[in-house]
Amino acid sequence: MSRRVVRQSKFRHVFGQAAKADQAYEDIRVSKVTWDSSFCAINPKFLAIIVEAGGGGAFIVLPLAKVWQIPDYTPMRNITEPIITLEGHSKRVGILSWHPTARNVLLSAGGDNVIIIWNVGTGEVLLSLEDMHPDVIHSVCWNSNGSLLATTCKDKTLRIIDPRKGQVVTERFAAHEGMRPMRAVFTRQGHIFTTGFTRMSQRELGLWDPNNFEEPVALQEMDTSNGVLLPFYDPDSSIVYLCGKGDSSIRYFEITDEPPFVHYLNTFSSKEPQRGIGFMPKRGLDVSKCEIARFYKLHERKCEPIIMTVPRKSDLFQDDLYPDTPGPEPALEAEEWLSGQDADPVLISLRDGYVPPKLRELRVTKRNILDVRPPSGPRRSQSASDAPLAQHTLETLLEEIKALREQVQAQEQRITALENMLCELVDGTD
């Protein structure tokens, strides 16, 4: 008489729970744009949500810690001036992804079927990947060290791209045979996890080995819902969470080296469907409560945290649940990565919890005016008397720029003070 053996896994009993009502963010008008995106981005300090606006492109940023600290001379107006503007796409941009290990390297993909990789610190284009995708790009994902890209396209092709060589390493046509959008993410082992649709419009998940794209490592049918499945992968636990647009559930699977390789764990279900969803990085979780994942579920007018935990009796730090995880510090500079260097992410320990740095600002470096190419044509020889004049001109320009910055800061403080006075007067008349 055979007896069924239950697979051993520390994640078999992971369960999800919605946060209390006082932890949700109310009265947020989530964007109604028909784009298969999560509409949400999270880090340990802030929550950003794409909101409904007449011209499009508007978003709101909220602090996760709901204790508001208003520093002196904080502007009371909306921020309308960006630190830097990146211009290069001919149509709207639908995908943005930071490089996992290089500083200030950002990938963008737009409706023009082009992928551009930027150095945000200088505002320059590092790489432009054209003529690789004949149709709309549905998803782009870096591998763990940022040396390769996995992309899916409306032409039903899954591609592995070396961005610095500007070539497709390997590709697989019709990884999922349906015409609906497909998604792909790299796993810790270097495999590709995909979601898509069958020819009969059933939702389907797959696991692929890039070294052998002929046959899938695993292929499973899900259901007949129309919502695109957005995969969120945690490399520390090798768990992938599937969140369907319009679904009211989150399904999660563990990826292992044992057949069937993609193991169903459980499903979190709620009453209301999700308009979009955000995934918190591992360093933003509460390790004291054995929290292994946290989602921010977008409703029509609300954002609700969903917490995934592993039940443990001990209050001690659980080493097996929290291996060292990628931190916020880059391992490479943009120029080093562009020159061909690769490096794994800089890992941090979560034993004592993660405390976000108080000040992390993007440093934008404009091109030096001395690096501007000289005008074409015959060049006048520079005499010895011209050198001090050029140096004097440069010093004068720098001094003027410094004075203008100080003047702008002073005016900003004065305007803020006047706004505060006006608010006090209005409150007094009430």
Side-chain angles (χ1 to χ4, degrees), residues 25 27-29 41-88 93 96 98 103-106 108 118-126 284 328-330 333-335 355-373 386-430:
Y25 298 84
D27 198 25
I28 297 174
R29 298 187 178 185
I42 314 290
N43 69 17
K45 293 179 68 174
F46 297 106
L47 163 67
I49 301 173
I50 305 297
V51 294
E52 186 70 15
F59 62 95
I60 184 172
V61 177
L62 303 170
L64 293 184
K66 295 194 176 185
V67 178
W68 290 69
Q69 178 180 355
I70 309 300
D72 293 339
Y73 306 117
T74 297
M76 297 178 64
R77 302 177 304 280
N78 291 334
I79 298 175
T80 57
E81 294 296 326
I83 296 177
I84 193 166
T85 301
L86 307 177
E87 297 182 354
V93 174
L96 294 174
W98 289 102
R103 188 193 307 272
N104 293 341
V105 176
L106 178 68
S108 64
W118 310 82
N119 182 346
V120 180
T122 61
E124 297 174 325
V125 174
L126 296 179
E329 293 301 321
E333 297 297 328
E335 297 78 10
V355 179
K358 293 183 178 179
L359 184 62
R360 284 183 60 86
E361 293 185 350
L362 172 64
R363 295 181 179 179
V364 177
T365 304
K366 300 295 185 181
R367 295 190 63 184
N368 193 314
I369 60 173
L370 298 181
D371 292 337
V372 178
R373 294 181 179 179
D386 290 339
L389 179 61
Q391 182 67 24
H392 174 73
T393 303
L394 176 60
E395 292 176 353
T396 302
L397 287 172
L398 293 175
E399 290 177 358
E400 291 178 355
I401 292 172
K402 182 179 179 182
L404 287 172
R405 286 178 177 172
E406 293 175 350
Q407 184 177 355
V408 169
Q409 291 176 357
Q411 293 295 334
E412 189 75 31
Q413 294 175 5
R414 183 169 179 269
I415 292 171
T416 303
L418 291 172
E419 288 176 340
N420 291 335
M421 292 175 59
L422 179 61
C423 291
E424 292 176 358
L425 289 173
V426 172
D427 294 340
T429 55
D430 291 343

Q: Find the distance between CD1 (I49) and CG (L62) and round it off to the nearest 0.5 Å.
A: 5.5 Å

Q) What are the two closest non-hydrogen atoms of A53 and A58, and how far apart are they? A) CB-CB, 3.6 Å

Q. How close do V105 and A334 get, heavy atom to heavy atom, and via which atoms?
A. CG2-CB, 3.6 Å

Q) For the residue pair I84 and T122, what are the closest heavy atoms and their distance? A) CD1-C, 3.9 Å

Q: List the atom of I50, the atom of F59, and the distance in Å for their closest heavy-atom pair.
A: CD1-CB, 4.0 Å

Q | Qualifying residue, where the test is side chain to side chain contact (heavy atoms under 4.5 Å, CB included) with S108 and the options are V125, L96, L86 | A | L96

Q: Output the distance between atom CG (L106) and atom CG (N119), rounded to the nearest 0.5 Å.
A: 10.0 Å

